[in-house]
Amino acid sequence: MTDRELDAAGIADPALRAAYTRCRRLNARHGKTYFLATRLLPVGRRPAVHALYGFARWADDIVDDLGSPATTAERARRLATLQERLAAGLRSGHSPEPVVRALAHTAAAYGIDHRLFTDFMAAMRADLTVTHYATYDDLCGYMHGSAAVIGLQMLPVLGTVVPREEAAPHAAALGIAFQLTNFVRDVGEDLDRDRVYLPADLLAAHGVDRELLEWSRTTGIRDRRITAALKAAVALTRGVYRRAAPGLGMLDPVSRPCIRAAFVLYGGILDAVADDGYAVLHRRAVVRRRRRAVVVVDGLVRVAAARTRAATRVPGTGATTRVQLTRRRPGAAVHEEVA
């Protein structure tokens, strides 16, 4: 976390600053696409985003770290401990655990519904024992806690120009679209964790089952049935992006460039999967650096335009001036440069 971001967010306590800095590092290490997009947010809002995503990454690491020798029982105990610390931290606003402390501070500052964190932890526990989903509806039940709630947690931080409940379904859909994109890209890696997130009914419609996926992963041999199933999964995911898209215009204008960049970059992963012949069982599809750079530059242009529109007029002169807004929320004062 840069001092500029922490100062802009009104975070002065040294221990709390250190907690937010740890969250930022977790987000930077694990979420390169969204971390890049977050750079397009006003500086005062970035720490809260890093707290939300840093906590999610930390919990996910407990469940999914392939480099850890921990057993399922050990991971379950760690999740249970984290759940206890989370509940206590949300109640008190403090925690000896830095990541939880930053999350609790963000939740209080932005009035984030605590049930969203409870639902997230339930999804993390499911990952310890559930290795497949029979139908897309079953998968959606899981994705509510693992992805939709992330979009809903973000809404108070991003701000909206419509009532929040109007934007909420689109924010939830965007979280699901991002996760479905990850599921398509990471089919091979998830198999290594003994999981198949693509719903069994979608796979079966194209003659694919876990045995065929494992055979292809092990042998490196392609199969047209798997390609057809992956094409269907990509089409399904693009449909969720379309449902999410109207929500972009419902966000605070200064937040839109960040979420639009994430929208385009994650959608670009699907393009990369297609361009690579749907070979995700054998190699990871990535968005090329040049494409990422183009999206970021476009985002910077949009940030500048949003800040220009937000400039206030000096009474009696007709001229515009640069201003700094102070937004006060429960438990925090956020100083935000808007032009």
Side-chain angles (χ1 to χ4, degrees), residues 1 5-6 8-27 30-31 38 44-64 70 73-129 141-160 164-165 167-168 171-172 175 327-334:
M1 192 70 59
E5 291 173 349
L6 293 166
I11 300 168
D13 178 77
L16 188 57
R17 289 170 74 94
Y20 273 101
T21 298
R22 182 173 176 186
C23 290
R24 185 180 191 272
R25 289 173 182 157
L26 284 168
N27 196 15
H30 294 293
T38 301
R45 302 194 200 187
R46 294 176 199 169
V49 174
H50 293 315
L52 294 173
Y53 273 79
F55 177 82
R57 301 292 179 185
W58 188 39
D60 192 61
D61 274 353
I62 293 175
V63 175
D64 279 344
E74 289 169 336
R75 294 175 195 269
R77 284 194 293 272
R78 291 177 188 175
L79 273 183
T81 298
L82 178 58
Q83 177 75 62
E84 292 172 1
R85 292 177 177 174
L86 172 64
L90 291 173
R91 283 195 306 270
S92 67
H94 298 280
S95 175
E97 172 51 57
V99 176
V100 173
R101 180 171 184 177
L103 181 76
H105 181 266
T106 289
Y110 287 92
I112 300 172
D113 189 338
H114 292 182
R115 290 174 296 182
L116 298 175
F117 303 110
T118 300
D119 291 350
F120 172 76
M121 292 301 295
M124 293 299 97
R125 289 194 298 274
D127 272 336
L128 293 175
T129 56
Y142 164 77
M143 290 191 297
H144 164 74
S146 63
V149 298
I150 303 297
L152 297 173
Q153 290 168 19
M154 285 286 294
L155 264 188
V157 179
L158 299 173
T160 61
R164 193 180 298 169
E165 59 269 19
R327 297 191 174 197
R328 297 192 178 274
R329 305 180 179 91
V334 178

Where [X] and [Y] come nearest, the two heavy atoms and their spacing:
X	Y	answer
Ala51	Tyr20	CB-CE2, 3.7 Å
Leu152	Ala168	CD2-O, 3.4 Å
Ala123	Ser146	CB-N, 3.5 Å
Ala59	Leu82	CB-CD2, 3.9 Å
Ser95	Gly89	CB-CA, 4.5 Å
Ala9	Gly44	CB-O, 3.4 Å

Handout entry: Salt bridge flag under 4.0 Å for residues Arg17 and Glu5
Key =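 Looking at Arg17 and Glu5, the cut-off is not met.
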Practice task
Decide side chain to side chain contact (heavy atoms under 4.5 Å, CB included) for Gln83 and Arg125; before the verdict, give the C-alpha distance in whole Å, the side-chain angles of both, and the deciding distance to 0.1 Å.
Solution key: CA-CA 10 Å; Gln83 177 75 62; Arg125 289 194 298 274; 3.1 Å; yes
[X] side, atom [atom1]; [Y] side, atom [atom2] - distance, nearest 0.5 Å:
X	Y	atom1	atom2	result
Glu84	Leu79	CD	CG	11.5 Å
Asp61	Leu26	CG	CG	7.0 Å
Asn27	Arg46	CG	CZ	12.5 Å

So, using side chain to side chain contact (heavy atoms under 4.5 Å, CB included) as the criterion, who are the partners of [X] when residues are at least two apart?
X	answer
Ala88	Arg91
Glu74	Ala70, Thr71, Arg77
Ala148	His144, Ala172, Ile176
Asp127	Val63, Met124, Tyr142, Arg195, Tyr197

Any side-chain heavy-atom pair from [X] and [Y] closer than 4.5 angstrom?
X	Y	answer
Trp58	Glu97	yes
Arg164	Pro156	yes
Ile150	Leu52	no
Leu86	Phe55	yes
Thr21	Leu6	yes
Ile11	His105	yes

Problem - Residues forming a side chain to side chain donor-acceptor pair (under 3.5 Å) with Arg85, sequence neighbours excluded - result: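 Residues passing side chain to side chain donor-acceptor pair (under 3.5 Å) with Arg85: none at all.
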Handout entry: Sequence neighbours excluded, every pair satisfying salt bridge (Lys or Arg N to Asp or Glu O under 4.0 Å) that has a member inside residues 101-113
Key =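 As it turns out, the salt bridge (Lys or Arg N to Asp or Glu O under 4.0 Å) pairs with a partner in residues 101-113, which skip direct neighbours, are Asp13-Arg101, Asp113-Arg115.
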Practice task
Measure from the side-chain N and O atoms of Arg45 to the backbone N and O of Val157, and report whether any donor-acceptor pair falls under 3.5 Å.
Solution key: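 Pair found, side chain donor or acceptor close to backbone of Val157.
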Exercise for the section: Step through the shown structure and confirm whether more than 12 heavy atoms of other residues, nucleotides or ligands are within 6.0 Å of NE2 on His114. Expected result: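 Enclosed: over 12 neighbouring heavy atoms sit under 6.0 Å from NE2 of His114.
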Exercise for the section: Check whether the side chains of Thr38 and Tyr53 place a donor and an acceptor atom closer than 3.5 Å, and report yes or no. Expected result: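 Side-chain D/A pair, Thr38 to Tyr53: absent.
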